[in-house]
Visitor: 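This is the structure I want to talk about, given as structure tokens.
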Amino acid sequence: MDAGCPRLPDTVLFEIFLYLDHADVLSVGLVCQQWRAVARDEFLWKELFYRYYRVSRDVPRHPGAVSWYDEFQRLYDTIPCVEVQALKEHNDQVLHLSFSHSGCLFASCSKDCTVKIWSNELDISLQHSSNMRPYNWSYTQFSQFNSDDSLLLVSGVFVGPHNSSSGEIAVISMENFTLLSRVRNKPYDVFGCWLNETNLISGNLHRIGRITSCSVLWLNNAFQGIESENVNVVKRLFKIQNLNASTIRTVMVADCSRYDSPDLLLDYEEQLAASSSCPVFDLGSDSEEEEAKARAPLEAAAQELPGAGAVPAGHGLQQLFDDILGGRVGPAMSDTELETKVAELFVHSRTKPPEPNLLPTDSNSKTKYLIFTTGCLTYSPHQIGIKRILPHQMTTAGPVLGEERRSDEFFDSLDHVIDIHGHIIGMGLSPDHRYLYVNSRAWPRDCIISDPMQPPPIAEEIDLHVFDLKTMKEVKRALRAHRAYTPNEECFFIFLDVSKDFVASGAEDRHGYIWDRHYNICLAKLQHDNVVNSVAFSPVEQELLLTASDDTTIKVWRSPRAVRIRQARRPRPRKLLFSWLMNQKS
């Protein structure tokens with residue numbers, strides 16, 4: 001036995017280790033023979049894991065773990081929580097970060113109106129900076145590399161009055177950093193995204209009334225200035241009516257092809273059944289009673305739709321006007337209520353029905369989902385809309401205005417809607433696109449919205465929801481730890497990112513946060529001097545994380561294991577000094 005390490009009963013030794021720091025548990029275990037004797041005892045490490053991390057005992061071990069000891073070490077040694085570098089080349093708030101798919105480059109956007117491209121080699125260095133002020137931009141807000149990393153999409157906000165919502169998307173070549181094309185984008189917080197290697201999605205907004213509008217989503221070719229005049233470079237994808245001052249924002253595309261082989265299954269029962277064939281899920285509720293409640297409003301709406309023997313919804317609109325003129329509408333409706341009622345009746349008679357069978361049945365399906373924030377009660381985004389993009393829609397070939405429509409198909413309907421009951425302030429996809437993570441600030445329970453321009457107050461605590469895009473259901477209890485303080489009218493986007501095993505998010509409390517996806521536990525807080533707006537994992541090395549803040553810095557974080565490896569590779573100063581002395585003697 002080691003000197004200074006008295007012989008204790010294993011149970012007593014175990015209780016002592018419960019009160020040690022995580023690093024101490026591992027380091028003491030290296031020098032204490034008695035602890036080494038029980039270090040591989042699975043029962044002890046399992047108990048230590050559940051009690052140390054306060055994980056519910058019905059949560060099984062990570063499916064990729066070999067032992068509880070290895071799990072305990074993984075959650076200490078592989079979390080990117082050690083600050084190794086601070087990048088200070090921006091001179092204003094840094095708003096967004098994005099990695100290339102190869103992990104060799106990353107881009108940063110800032111209130112200083114530049115997009116900077118960085119090389120992620122042994123040491124991170126600035127490779128290029130593009131100033132967007134000559135194009136009348138106020139600032140850059142978002143960027144995304146295309147699938148082969150040859151192009152960079154950059155989204156920005158135009159200079160204009162405080163209430164202006166206009167923006168623009170620029171496409172930059174990664175070969176020589178030239179600007180290839182620019183596309184209008186309204187509202188600016190649509191952000192924009194790539195659909196495939198050469199086509200990107202932008203938005204436009206058309207006002208119909210004071211609180212009613214129409215969002216049009218466009219497919220754009222990245223090479224608009226180069227393509228022949230005989231080839232279409234834009235095509236309308238979808239046209240969706242917005243009610244009660246809501247608009248479509250924050251578009252992203254999910255690829256359905258990997259849904260049957262995800263990196264990590266979050267449903268514990270599904271993990272146990274993973275060895276068998278995957279079951280087919282539907283969008284139904286958990287009970288017949290809930291299904292009946294969900295069908296009721298749809299059946300009521302369907303009664304107004306044109307059909308065999310049915311009264312067209314247009315007649316319902318005419319009936320409303322007749323009732324108003326005849327004084328048969330009571331109590332008196334406000335202008336806002338009247339506009340909403342008319343818009344609802346109009347959209348029922350002028351909307352293309354949703355696509356049948358939203359869920360992909362073929363594991364090799366080329367179907368993609370367009371995902372965005374929207375709403376139906378107020379201007380603050382409180383719903384997630386999902387619209388399937390079919391293979392023939394993924395090119396700008398064909399009519400500019402898309403497929404020919406009948407007069408009763410003026411608008412497109414959403415294929416699925418997820419109601420968050422709160423203000424959505426961030427979204428991110430898992431690397432396999434199976435799971436959608438959503439930052440939101442909850443509304444008070446049972447709140448009633450009577451004025452769409454006066455949304456309910458929002459909580460300071462941020463909820464991080466997780467939805468399975470294969471079943472369209474929430475699969476985990478909301479993750480919590482991070483906070484935000486701005487009210488509804490000043491609320492801004494806080495970007496999150498997801499790796500194979502972790503999820504990270506910024507916050508207004510001057511910290512970035514990291515959680516484990518499997519155990520649903522917060523693992524680290526990463527400090528800044530101001531609001532943390534964005535986080536980004538390296539897609540090829542989840543032990544590398546970047547955080548961007550209003551303090552104008554980008555911080556680089558690596559795991560303790562990665563830091564040790566990098567330090568071991570570097571030559572020791574003592575050896576360099578010895579070599580220099582030997583050279584001086586010679």
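No hydrogens, no waters, no symmetry mates; every other heavy atom, side chains included, goes into these values.
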Visitor: Would you indicate whether E489, at its atom CD, is surrounded by more than 12 heavy atoms from other residues, nucleotides or ligands within a distance under 6.0 Å?
Guide: yes
Visitor: Decide side chain to side chain contact (heavy atoms under 4.5 Å, CB included) for D497 and Y437; before the verdict, give the C-alpha distance in whole Å, the side-chain angles of both, and the deciding distance to 0.1 Å.
Guide: CA-CA 9 Å; D497 197 24; Y437 287 74; over 6 Å; no
Visitor: Parallel, tilted or perpendicular: which one describes the rings of F177 and H128, with boundaries at 30° and 60°?
Guide: parallel
Visitor: Assess the pair F158 and Y139: is the distance between their ring centroids shorter than 6.0 Å?
Guide: no
Visitor: Kindly say whether the aromatic ring centers of H423 and W443 come within a distance under 6.0 Å.
Guide: no
Visitor: So, H62 and D516: side-chain donor and acceptor under 3.5 Å apart, yes or no?
Guide: no
Visitor: Considering only NZ, NE, NH1 and NH2 on the basic side and carboxylate oxygens on the acidic side, decide whether R510 and D529 come within less than 4.0 Å.
Guide: no
Visitor: Whether the side chain of T140 engages the backbone of T114 through a donor-acceptor N/O pair (distance < 3.5 Å, no angle test) should be reported.
Guide: yes
Visitor: In terms of ring plane angle, is the pair F49 and W68 parallel, tilted or perpendicular, where the classes change at 30° and 60°?
Guide: tilted
Visitor: Could you tell me if the ring centre of F142 sits under 6.0 Å from that of F493?
Guide: no
Visitor: Going by atom types only, do T547 and K555 share a side-chain donor-acceptor pair under 3.5 Å?
Guide: no
Visitor: Within 45 degrees of the axis of the six-membered ring of Y513 and under 6.0 Å from its centre: does K525 put its NZ or CZ there?
Guide: no
Visitor: So I554 and H90, side chain to side chain contact (heavy atoms under 4.5 Å, CB included) or not? Walk me through it.
Guide: CA-CA 9 Å; I554 300 168; H90 283 290; 4.1 Å; yes
Visitor: Is the gap between the ring centers of F72 and W45 under 6.0 Å?
Guide: yes
Visitor: Please work out which of the three classes, parallel, tilted or perpendicular, describes the rings of W118 and F106, given edges at 30° and 60°.
Guide: parallel
